[in-house]
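Here's the structure we're looking at; comments come further down.
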Protein chains: 2
Amino acid sequence: MPRYAHVPGPTIRRLSLYLRQLESLRADGHATISSQQLGKALRVTDAQVRKDLAYFGQFGRPGLGYRVDELIEQARLILGTNRVWATALVGAGNLGRALAAYRGFAGRGFRIAAVFDTNLSFVGRPLPQSAGLVVRPMSELSSVIAGEQIRIGIVAVPAAEAQVTAERLLSAGVLGLLNFAPVALDTPPGVPVVSVDLAVHFEQLAFQVAELSS
Amino acid sequence: MPRYAHVPGPTIRRLSLYLRQLESLRADGHATISSQQLGKALRVTDAQVRKDLAYFGQFGRPGLGYRVDELIEQARLILGTNRVWATALVGAGNLGRALAAYRGFAGRGFRIAAVFDTNLSFVGRPLPQSAGLVVRPMSELSSVIAGEQIRIGIVAVPAAEAQVTAERLLSAGVLGLLNFAPVALDTPPGVPVVSVDLAVHFEQLAFQVAELSS
DNA sequence: TAGTGTGAATGGATTCACAGCC
DNA sequence: GGCTGTGAATCCATTCACACTA
């Protein structure tokens with residue numbers, strides 16, 4: 001039952017960037033914005049911006065542009081971040097703690113509702129700068145996910161534990177995964193997984209830099 | 001002077017994933033691999049794998065597949081990670097410290113050679129789990145980047161400081177940027193920038209999950 | 001006048017299908 | 001028999017160009 005079929009993947013990715021840009025523009029006092037202005041900082045053409053937005057509806061006024069407030073609201077609605085998503089974070093290592101401490105999720109529709117770790121020496125510790133989160137044992141995973149109606153799981157464990165962690169999250173009822181471990185997760189078809197592999201991003205940059213000077 | 005012109009962007013992204021997969025396969029004892037096996041875990045078709053690799057040369061043997069060792073070496077060569085890149089990290093907050101502590105960059109061709117912060121109360125502090133890195137003041141940025149021949153800068157500062165940080169890194173001689181701040185950097189044309197915005201990844205996942213149940 | 005929305009045209013990327021090789 | 005490398009065909013995304021509107 002997709003709300004938006006036949007929308008290109010790249011369009012969805014850019015919609016996130018538009019939203020970020022719009023919030024910055026609003027903070028700078030812009031009430032209205034043209035497709036050209038919106039695309040400029042993101043290096044996206046005006047035609048691309050209009051086409052992207054047109055996949056979801058008609059939000060602009062000819063001669064005027066888009067109302068910033070209205071477009072922010074629409075983008076949030078489309079992305080599904082007009083409500084707050086409760087997430088469960090597994091892994092209280094360096095990355096996990098950095099995620100738990102990250103300000104700025106709150107304003108964008110996400111909340112880390114609970115943190116888990118297999119390492120019992122972490123369990124029970126409060127996480128710094130994280131509004132009172134305390135590391136819980138994996139044994140509580142299912143009940144907390146069910147109790148807090150958590151739909152998104154964050155995998156921030158070492159590579160070797162990522163697959164089993166993903167499986168436990170999914171069988172506890174999570175609908176999608178954000179994976180920070182450097183492995184490809186083997187999940188049932190149709191399960192949304194977004195992966196963020198730091199080494200991969202480094203390599204993309206290394207390639208581009210190497211292209212410059214050779 | 002690009003080494004590889006007319007190679008699709010998506011191919012470069014997948015090449016990183018192939019490399020990761022190959023290293024995992026090697027650890028499992030595979031000496032040789034077919035395009036189908038290589039693509040399976042990544043959900044990439046065999047034809048796609050072959051086409052991707054063929055942009056860079058002829059690495060396979062009909063009837064046999066690809067030699068894992070050889071392909072790893074080639075992928076590293078293409079991505080430019082057969083050598084070690086020294087990087088400069090700016091920002092010793094939560095994310096910066098997590099990056100500095102991250103094991104697993106070393107094995108993939110990256111080394112954080114120095115860490116900087118504007119906050120003088122951080123300066124001089126050793127970073128935990130990071131092989132003796134100590135936070136330096138921004139005043140040393142230029143000399144350290146020149147002295148250690150650093151080519152890559154990592155921006156891990158708050159959004160409001162990202163642009164000026166990027167400019168300082170570039171004028172100190174860095175050739176490319178890895179940006180973790182949630183803003184679009186305004187850089188001169190041709191400067192490689194790879195951005196990792198955690199909120200954007202969350203939103204991509206939220207969209208997909210919202211599509212499931214509506 | 002300034003700027004959207006959108007069919008048509010172009011340009012890229014993926015998949016197909018098969019000749020050729022181990 | 002199994003598997004690569006690659007042109008040809010298909011599919012998808014971006015850009016163009018312009019009718020239309022505030």
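The chains referred to below are lettered A, B, ... by the order of the sequence lines, with proteins before strands, and numbering in each begins at 1. Bear in mind that the values here come from a model prediction, so they are computed numbers and not experimental data.
For dT4(D), the OP1/OP2 oxygens have a side-chain nitrogen or oxygen of Ser35(B) closer than 4.0 Å.
Extent of DNA chain C lying under 4.0 Å from chain A heavy atoms, first and last nucleotide in 5' to 3' order, is dA2(C) to dA8(C).
Here the C1' atom of nucleotide dC11(D) and the CD atom of Gln48(B) are 13 Å apart, to the nearest Å. Atom CG of Leu15(A) and atom C1' of dA13(D) are 16 Å apart (whole Å). Nucleotide dA13(D) holds its C1' atom 14 Å from the CD1 atom of Ile12(A), rounded to whole Å. Nucleotide dA19(D) holds its C1' atom 14 Å from the CD atom of Gln58(A), rounded to whole Å. Rounded to a whole Å, the NE2 atom of His6(A) is 12 Å from the P atom of dC12(D). If you take CZ of Arg14(A) and P of dA13(D), they are 9 Å apart, rounded to a whole angstrom. Distance, Tyr55(B) OH to dT4(D) C1': 16 Å, rounded to whole Å. Rounded to whole Å, the distance from CZ on Phe59(B) to C1' on dT6(D) is 15 Å.
In this structure, Arg136(B) and Val144(B) have side chains that are in contact, with non-hydrogen atoms separated by less than 4.5 Å.
Evaluation of the side-chain hydrogen bond (donor to acceptor under 3.5 Å, both in side chains) rule for Glu211(A) yields Arg3(B) as partners, not counting sequence neighbours. Gln36(B) meets the side-chain hydrogen bond (donor to acceptor under 3.5 Å, both in side chains) test with no other residue; sequence neighbours excluded. Every residue two or more places apart in sequence or in another chain that forms a side-chain hydrogen bond (donor to acceptor under 3.5 Å, both in side chains) with Asn119(B) is listed here: Ser121(B).
Of the charged side-chain nitrogens involved, at least one lies within less than 4.0 Å of a carboxylate oxygen, so that Arg61(A) and Glu70(A) count as a salt-bridged pair. Under the 4.0 Å criterion applied to side-chain N and carboxylate O atoms, Glu161(B) and Arg168(B) are not assigned as salt-bridge partners.
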_Stepwise ring-ring contact (aromatic ring centres under 6.0 Å, His included) check, Phe59(B) with Tyr66(B)_ = CA-CA 6 Å; Phe59(B) 308 126; Tyr66(B) 301 86; 7.6 Å; no
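Place Ala54(B) and Gln37(B) on DNA chain D by their nearest nucleotides, and Gln37(B) ends up nearer the 5' end.
Note on Gly9(A): only backbone sugar-phosphate atoms sit closer than 4.0 angstrom, heavy atoms only; bases stay farther off.
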Identify each donor-acceptor pair in which a side-chain atom of residues 78-87 of chain A lies under 3.5 Å from a protein atom, sequence neighbours left out, and give them as a table.
from     : atom 1 : to        : atom 2 : distance (Å)
Trp85(A) : NE1    : Gly80(A)  : O      : 2.6
Thr87(A) : OG1    : Arg111(A) : O      : 3.1

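For Arg50(B), the side-chain atoms get nearest to dG5(D) when compared with the rest of dT15(D), dG5(D), dA13(D). Comparing dT15(D), dA8(D), dT4(D) by their closest approach to the side chain of Thr45(A) singles out dT15(D).
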All N/O contacts under 3.5 Å from nucleotides 20-22 of chain D to the protein, with atom names and distances to one decimal?
from    : atom 1 : to       : atom 2 : distance (Å)
dA22(D) : O4'    : Pro62(A) : O      : 3.3

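Closest approach of Gly96(A) and Leu89(A) over heavy atoms only: O-CD2, 3.4 Å.
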